[in-house]
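Down below is the structure, laid out as structure tokens.
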Amino acid sequence: MSRESLSISLVIPVLNERPSLEDLYSRLAAVLSELALRYEIIFVDDGSTDSSVQKLKEIHGQDSSVRYIRFRRNFGKSAALAAGFRSARFPVIVTMDSDLQDLPEQLPLLIDKLREGYDLVSGWRQDRSDPLTTRMGSKLYNWTTSFLTGVKLHDINCGFKCYRREVLDEVMIYGERHRYIPVLASYRGFRLGEVKIEHAPRRHGKSHYGIGKVFGGVFSLLSVILMTRYTNRPLHFFGLMGVLLGGLGTVIDLYLVTVRLFFHQWLSNRPLLIIGTLLIIVGVQFVLFGLLAEMVAFSYRRDNDYSIIETSEDRLEATDDEAKLRVEVTGGDSVR
């Protein structure tokens, strides 16, 4: 993947980042002109209330390689990235934030790592210029995600990433799932890599990170785990929970029955009886819910719940194309 063959689409969500846009564009243009033969920069305005859109229009008027998409209101980062991915035209797609905390000059590091054969390369922010609470929360989030999903990346939530197009063709994002693209890609069998990058302090505006995004991220993580590990076997998930709860309730009730029969103690004043019975009922409900989920999964199961990198037919088609090209070049004289 040399410069002569490298074509890059850069997707950048924007939300009230007017002061940083001009500097971001000029630095990206300088880097991309040296790095790629063809490139485009796609800004996705996610309902900005400042003059970000006006600045994007101005930059677009100066440079046709800059494109912009404007949402009617704030739909969230996942929607902004999805719109940018859908609009991107080139086989290598890069994402980064618009606050200049990700340095455009370090884009070649991600591209070089992609050249090593990886399908997705994530930045690993070093010496982060964020408040202590943000850094500690990020460490806990990354450790928890890595532990629960098995994806061994140090900074899964870093917005500075590089993808091959086939990754994004197979991964669907919505809600808060943009955080877990590496998890979804890993589940599909794509190779993940990471590279250490510098992290600059925010110079303009304020962070959009808040407590609401923490809860949204937690629920999205649970959703991703369910949709990756148990998409085709939901009974394994709900059935396990049902067996554990029902088993615990059964043990409790057996203990109480033993107490009543052999020690002649009354159970009417024992709340444990209600708890044990309730656990059995809830356990049975979980199993039944898992059976219903299995029926739904069977009804809507995808035909292509796998990912193919190549087939022998691909090689045959390439050979046929080469043969046709030779015939056209020689005018058909070589054909007997």
Side-chain angles (χ1 to χ4, degrees), residues 76-79 81-82 120 140-153 156-157 167-192 211-260 267 270-309:
K77 191 172 183 179
S78 286
L81 289 174
L120 185 159
L140 178 61
Y141 162 82
N142 285 313
W143 180 88
T144 303
T145 303
S146 179
F147 176 77
L148 293 177
T149 64
V151 174
K152 304 303 180 183
L153 293 180
I156 293 178
N157 199 31
V167 175
L168 300 174
D169 287 342
E170 295 196 21
V171 173
M172 182 174 62
I173 61 173
Y174 56 88
E176 293 289 330
R177 290 182 66 174
H178 66 275
R179 305 169 184 268
Y180 303 105
I181 294 179
V183 177
L184 298 169
S186 176
Y187 171 73
R188 302 290 291 178
F190 292 105
R191 292 189 62 200
L192 310 184
I211 190 67
K213 293 185 180 294
V214 174
F215 288 110
V218 170
F219 293 138
S220 294
L221 175 59
L222 295 176
S223 172
V224 165
I225 292 173
L226 181 60
M227 297 303 292
T228 53
R229 294 186 180 181
Y230 301 101
T231 301
N232 293 322
R233 48 192 183 100
L235 182 58
H236 290 218
F237 178 79
F238 294 105
L240 177 61
M241 295 177 62
V243 168
L244 291 176
L245 293 176
L248 179 60
T250 301
V251 170
I252 292 174
D253 283 0
L254 286 176
Y255 162 74
L256 293 175
V257 169
T258 302
V259 169
R260 179 69 183 93
L267 305 180
R270 302 289 294 270
L272 204 58
L273 176 62
I274 299 176
I275 295 175
T277 305
L278 182 62
L279 287 174
I280 293 175
I281 294 173
V282 172
V284 171
Q285 288 180 331
F286 265 107
V287 173
L288 293 177
F289 189 81
L291 290 171
L292 291 174
E294 283 280 349
M295 296 172 64
V296 173
F298 177 79
S299 299
Y300 292 94
R301 185 162 292 154
R302 297 185 301 179
D303 293 332
N304 60 334
D305 192 29
Y306 45 79
S307 180
I308 297 175
I309 188 171

- Query: With sequence neighbours excluded, what pairs up with F286 under the ring-ring contact (aromatic ring centres under 6.0 Å, His included) test?
  - Reply: none
Determine all donor-acceptor pairs shorter than 3.5 Å in which one atom belongs to a side chain in residues 239-251; sequence neighbours excluded.
from : atom 1 : to   : atom 2 : distance (Å)
T250 : OG1    : G246 : O      : 2.8

Quick check against the 3.5 Å criterion: does [X] have a side-chain atom that pairs as donor or acceptor with the backbone of [Y]?
| X | Y | result |
| --- | --- | --- |
| S78 | H178 | yes |
| T145 | Y141 | yes |
| S186 | V151 | no |

Checking [X] now: which residues fulfil side chain to side chain contact (heavy atoms under 4.5 Å, CB included) with it, not counting sequence neighbours?
| X | value |
| --- | --- |
| L148 | T144, L221, I225 |
| L288 | V284, L291 |
| T258 | F262 |
| R270 | Y255, L256, V259, Q265, L267 |

Rounded to the nearest 0.5 Å, what's the gap from [atom1] on [X] to [atom2] on [Y]? Could you check?
| X | Y | atom1 | atom2 | result |
| --- | --- | --- | --- | --- |
| L184 | M172 | CG | CE | 9.5 Å |
| L273 | I252 | CG | CD1 | 10.0 Å |
| L168 | I181 | CG | CD1 | 6.0 Å |
| Q285 | F238 | CD | CZ | 13.0 Å |

- Task: Indicate yes or no: at least one non-hydrogen side-chain atom of V224 is less than 4.5 angstrom from one of Y180.
- Result: yes
- Message: Could you tell me if the side chain of P182 sits less than 4.5 Å from the side chain of L192, heavy atoms only?
- Response: yes
- Message: Is there a side chain to side chain contact (heavy atoms under 4.5 Å, CB included) between N142 and L153? Walk through the geometry before answering.
- Response: CA-CA 8 Å; N142 285 313; L153 293 180; over 6 Å; no
- Message: Apply side chain to side chain contact (heavy atoms under 4.5 Å, CB included) to residues R179 and I156 and explain how you reach the verdict.
- Response: CA-CA 7 Å; R179 305 169 184 268; I156 293 178; 5.9 Å; no
- Message: Looking at every non-hydrogen atom in both residues, tell me the closest pair between A185 and L120 and how far apart they are.
- Response: CB-CD1, 4.2 Å
